[in-house]
Enquirer: 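Handing you a structure now.
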Amino acid sequence: MRRQMMDVSSVRDRLIVGLDVPDVIAAEKIVEELGDTVSFYKIGYQLVFSQTAKGGGLDFASRLLSMGKKVFLDVKLLDIDNTIAKGVENIAKRGVTMMTLHAYPKAMRAAVEAAKGSDLCLLGVTVLTSMDQADMLEAGYTMSPEELVLRRAQQARDAGMGGIVASAAESAAIRKIVGPDMAIVTPGIRPAGSEAGDQKRVMTPADALRAGSSHLVVARPIVGATDRKAAAQSILEEMAAAV
């Protein structure tokens with residue numbers, strides 16, 4: 001018997017598929033397979049710096065936008081204020097929906113000023129979901145990952161950022177700090193039964209939304225699936241049931 005699919009229209013824009021693939025040709029194939037099921041894509045370093053006869057990741061981002069898709073540009077900027085500002089100004093002109101920078105207060109303030117008047121949602125990266133307490137200590141931080149995440153969340157709120165990137169494990173505590181309007185974008189999402197890979201702080205899609213995340217970034221569970229469209233649809237249905 002054919003399974004009846006749940007209406008997922010209310011959560012479609014909250015699922016961001018990470019195009020963590022070698023080049024634009026591979027990315028185009030994924031987008032074509034997913035069709036109207038997915039409306040939001042993340043483009044990170046791997047794709048940004050790729051180059052084929054069809055161009056690189058930024059050219060592909062423009063094509064996605066022309067198709068009516070949303071684009072999350074995950075470039076994690078961090079530099080002196082002027083360099084941050086000039087980079088953000090050019091990214092805003094591209095019309096992408098979201099972009100990341102590391103959640104250092106000076107960098108965030110410079111980015112917010114540069115993005116004024118645009119629709120660009122600036123996201124502060126708090127602590128990478130691949131990092132645990134041992135990694136923090138090795139990097140010279142004496143506080144726990146959660147403590148640093150909450151400190152960065154407050155700083156992002158005070159700087160006027162559009163949202164932050166953090167593990168779903170901290171989403172509930174973050175939501176209390178940033179209020180109902182800021183985006184909490186959560187990577188490290190793994191459907192029940194899937195492997196964590198190199199992510200150390202992971203959560204299922206339903207649990208992440210219940211915890212307070214606004215957007216979920218999913219890469220391998222969809223990109224690496226035999227039937228990508230079915231995998232995306234299943235995650236969307238889990239999200240819809242959770243909200």
Side-chain angles (χ1 to χ4, degrees), residues 14 16 18 42-45 72-89 91-92 96-116 118 120-190 196 198-203 207-219:
R14 299 175 68 176
I16 304 173
K42 176 180 79 75
I43 293 178
Y45 287 142
F72 167 22
L73 194 59
D74 187 17
V75 288
K76 300 182 180 70
L77 299 182
L78 181 60
D79 214 306
I80 63 173
D81 295 2
N82 184 65
T83 302
I84 288 282
K86 297 304 180 184
V88 170
E89 286 174 4
I91 290 171
V96 302
T97 306
M98 293 176 167
M99 66 147 285
T100 52
L101 62 148
H102 282 285
Y104 286 70
K106 277 174 63 64
M108 291 191 290
R109 290 193 292 268
V112 169
E113 183 64 27
K116 280 184 177 178
S118 75
L120 178 62
C121 178
L122 295 169
L123 303 173
V125 177
T126 55
V127 177
L128 300 176
T129 53
S130 61
M131 296 183 69
D132 58 15
Q133 183 66 56
D135 298 315
M136 296 282 289
L137 289 172
E138 185 179 23
Y141 290 96
T142 57
M143 62 183 71
S144 69
E146 181 178 16
E147 288 172 329
L148 183 55
V149 166
L150 298 183
R151 181 174 181 179
R152 295 297 196 214
Q154 182 175 351
Q155 291 168 332
R157 180 201 65 195
D158 294 345
M161 295 280 284
I164 61 173
V165 179
S167 163
E170 289 97 33
S171 287
I174 291 167
R175 187 57 71 193
K176 293 178 181 177
I177 292 172
V178 303
D181 298 328
M182 282 182 65
I184 300 177
V185 179
T186 301
I189 297 297
R190 294 290 185 271
D198 61 358
Q199 301 286 355
K200 296 180 179 178
R201 301 186 342 269
V202 301
M203 193 174 285
D207 287 341
L209 291 180
R210 294 189 188 108
S213 298
S214 62
H215 296 75
L216 310 182
V217 179
V218 183

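Everything quoted here is computed from the prediction, not taken from an experiment.
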Enquirer: Search all heavy atoms of P187 against all heavy atoms of V185 and return the closest pair with its distance.
Expert: CD-O, 3.5 Å
Enquirer: Supply the atom-to-atom distance S167 OG to L128 CG, rounded to the nearest 0.5 angstrom.
Expert: 11.0 Å
Enquirer: Name all pairs fulfilling the salt bridge (charged side-chain N to carboxylate O under 4.0 Å, His left out) condition that reach into residues 100-110, sequence neighbours left out, sorted by first residue then second.
Expert: D81-K106
Enquirer: Restricting to non-hydrogen atoms, name the atom on A114 and the atom on A85 that form the minimum distance, rounded to 0.1 Å.
Expert: CB-O, 3.4 Å
Enquirer: Just wondering, do L122 and M99 contact through their side chains at under 4.5 Å, heavy atoms?
Expert: yes
Enquirer: Are L78 and K76 close enough that some pair of their side-chain heavy atoms sits under 4.5 Å apart?
Expert: no
Enquirer: If we only count heavy atoms from C-beta on, is the T100 to F72 side-chain gap below 4.5 Å?
Expert: yes
Enquirer: At what distance, to the nearest 0.5 angstrom, does OG of S144 lie from CD of Q133?
Expert: 6.0 Å
Enquirer: For I84 and A107, work out which heavy atoms get closest and say how close.
Expert: CG2-O, 3.7 Å
Enquirer: Hey, are the side chains of L148 and T126 touching, using non-hydrogen atoms and a 4.5 Å cut-off?
Expert: no
Enquirer: Can you tell me how far apart CD1 (I184) and CG (L216) are? Round to the nearest 0.5 Å.
Expert: 11.0 Å
Enquirer: Please report the shortest heavy-atom distance between G18 and A219, naming the atom on each side.
Expert: O-CB, 3.6 Å
Enquirer: Please report the closest heavy-atom contact between A159 and M108, naming both atoms and the distance.
Expert: CB-CB, 3.9 Å
Enquirer: Within a strict 4.5 Å, meaning less than it, do heavy atoms of the M136 and V127 side chains meet?
Expert: yes
Enquirer: In the structure I gave you, are the side-chain heavy atoms of Q154 and L150 within less than 4.5 Å of one another anywhere?
Expert: no
Enquirer: Side chains of I91 and L77: does their closest heavy-atom pair fall under 4.5 Å?
Expert: yes
Enquirer: Within a 6.0 Å radius of atom CZ on R175, are there more than 12 heavy atoms belonging to other residues, nucleotides or ligands?
Expert: yes
Enquirer: Just one of L123, V178, V112 clears the side chain to side chain contact (heavy atoms under 4.5 Å, CB included) bar with M161, so which one?
Expert: V112
Enquirer: With heavy-atom distances below 4.5 Å as the criterion, would you say the side chains of T186 and M203 are in contact?
Expert: no
